[in-house]
Amino acid sequence: MYRTVVISLLASLILLLTIFTSIRRERLSIRYSLLWIVSGTAILVVSSSRRLLDVLAATLGIYYPPSALFLLATFFILVLLFHQTVAISSLKTKNTRLAQELALLRQKIEGLER
Amino acid sequence: MPKPLPRETQQATVAVLPAHNEAGNIGPLVEEIRRLYPDLAVVVVDDASSDDTGAEARQAGALVLSLACNLGIAGAVQAGYRYAVERDYQFAIRLDGDGQHDPAALPDLLEPLTGGRCDLVIGSRFLGDGEFRSTVARRLGIRFFVRCLNLVTGYRVTDPTSGYVGANRRALLFLADHLPEDYPEIETILAVWSCRFRLQEVPVSMRPRHRGQSSITFLGSIYFVLVVSLGLLAGLFKSRPQAGR
């Protein structure tokens with residue numbers, strides 16, 4: 001076994017465990033956990049089987065199979081990052097609306113108190 | 001001496017003044033507007049200022065919308081538009097809180113709106129004989145966007161970065177939900193065009209700032225050109241809900 005494979009196997013197990021405990025303790029919403037579960041599982045599957053990794057690397061034209069792991073990980077990191085940026089954009093819009101609504105309500109209350 | 005503004009028009013109109021740390025400027029400006037047009041609603045949107053902007057505006061007789069956190073110019077203006085929509089005003093005129101926009105030009109901006117000739121009016125510093133000083137870089141940037149906008153929209157815009165803007169209720173209903181982010185002025189023209197609103201420019205003259213620094217820096221203007229260009233490009237391909245025709 002490659003040492004990289006052992007490490008990534010361990011790391012992905014820890015990652016999945018962390019994801020599940022976070023969901024169980026309601027620290028992570030199901031909606032955002034989905035992508036994490038998919039990426040964690042994908043890394044776990046690929047690193048658990050030497051043959052699968054070799055096949056994957058050969059298909060992608062990668063000479064050194066563990067490099068395929070890094071490629072896969074990078075891909076998921078990009079997807080996760082994009083997913084987060086989308087989430088932040090939507091939060092920003094909602095935050096703006098809330099601040100505006102709050103200002104309007106505050107003004108209304110001031111008018112009523114006068 | 002500014003032109004008189006009919007009482008019914010004043011009562012149907014709200015002046016929206018976005019202000020961020022404009023203490024010293026905002027009070028005199030509000031007083032000036034209220035002296036000229038006593039029946040006009042003046043709304044100052046205090047964009048989380050750290051100075052006395054809000055208190056000063058209130059003292060001068062304005063309604064103040066205090067934003068809980070800093071939203072930037074677009075968010076502040078939109079808050080004012082939402083107020084106008086909520087309280088059933090027919091027209092809204094946006095003036096900058098630093099006093100650069102002369103309130104004496106208000107009747108000129110309102111006239112095409114009340115006459116039903118257009119939905120959005122822009123006060124242009126380049127039309128007419130008003131003198132406007134600016135840096136070379138800024139002029140080049142503005143000229144670039146003028147070319148882009150006029151090519152795409154077919155409007156004849158001369159001053160797309162002007163913040164002296166009037167809108168009728170139809171445009172307000174749209175902008176209260178869809179005002180572009182960050183630097184809204186230029187992208188608004190494109191957005192308004194894609195909704196087939198009628199747009200017109202009227203000449204206005206600008207006054208120097210009373211006090212304080214303009215917020216424009218060199219790096220800032222490069223960022224400005226990039227962000228607005230991207231926004232325009234995106235605006236061309238954005239799917240827009242059909243605004244009430």
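Values below: every heavy atom of this structure, side chains too, minus hydrogens, waters and symmetry copies. Note on naming: letters A, B, ... go to the chains in the order of the sequence lines (proteins, then strands), and numbering restarts at 1 for each one.
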key: chain B contact residues among residues 12-33 of chain A, heavy-atom distance under 4.5 Å   = none
query = Would you find more than 12 non-hydrogen atoms of other residues, nucleotides or ligands less than 6.0 Å from B/Trp193 atom CH2?
reply = yes
Proximal component of A/Leu102, with respect to chain B [non-hydrogen, under 4.5 Å] = side chain
key: Residues, nucleotides or ligands: over 12 heavy atoms within 6.0 Å of A/Glu110 CD   = yes
More than 12 heavy atoms from other groups under 6.0 Å of CZ on B/Arg7 = no
query = With only heavy atoms counted, which part of B/Asp177 is less than 4.5 Å from chain A, the side chain, the backbone, both or neither?
reply = both
request  = Would you give the length of the straight line joining atom CG of B/Leu67 to atom CG of A/Leu98, rounded to the nearest 0.5 angstrom?
outcome  = 12.0 Å
ask   = If every non-hydrogen atom of B/Leu63 is compared with every non-hydrogen atom of A/Gln107, which pair is closest and at what distance?
value = CD2-NE2, 2.7 Å
remark   = Cut-off 4.5 Å, heavy atoms of chain A, and the answer for B/Leu71 is side chain
request  = Kindly give the heavy-atom pair with the smallest separation between A/Ala99 and B/Cys69, and that separation in Å.
outcome  = CB-SG, 4.2 Å
task = Please determine, among A/Lys108, A/Arg97, A/Arg106, A/Lys92, the option with the most heavy-atom pairs under 4.5 Å with chain B.
result = A/Arg97
query = Given that the side chain runs from C-beta out, which part of B/Glu86 has a heavy atom under 4.5 Å from chain A: side chain, backbone, both or neither?
reply = side chain
Heavy atoms of other groups near B/Asp51 CG, more than 12 under 6.0 Å = yes
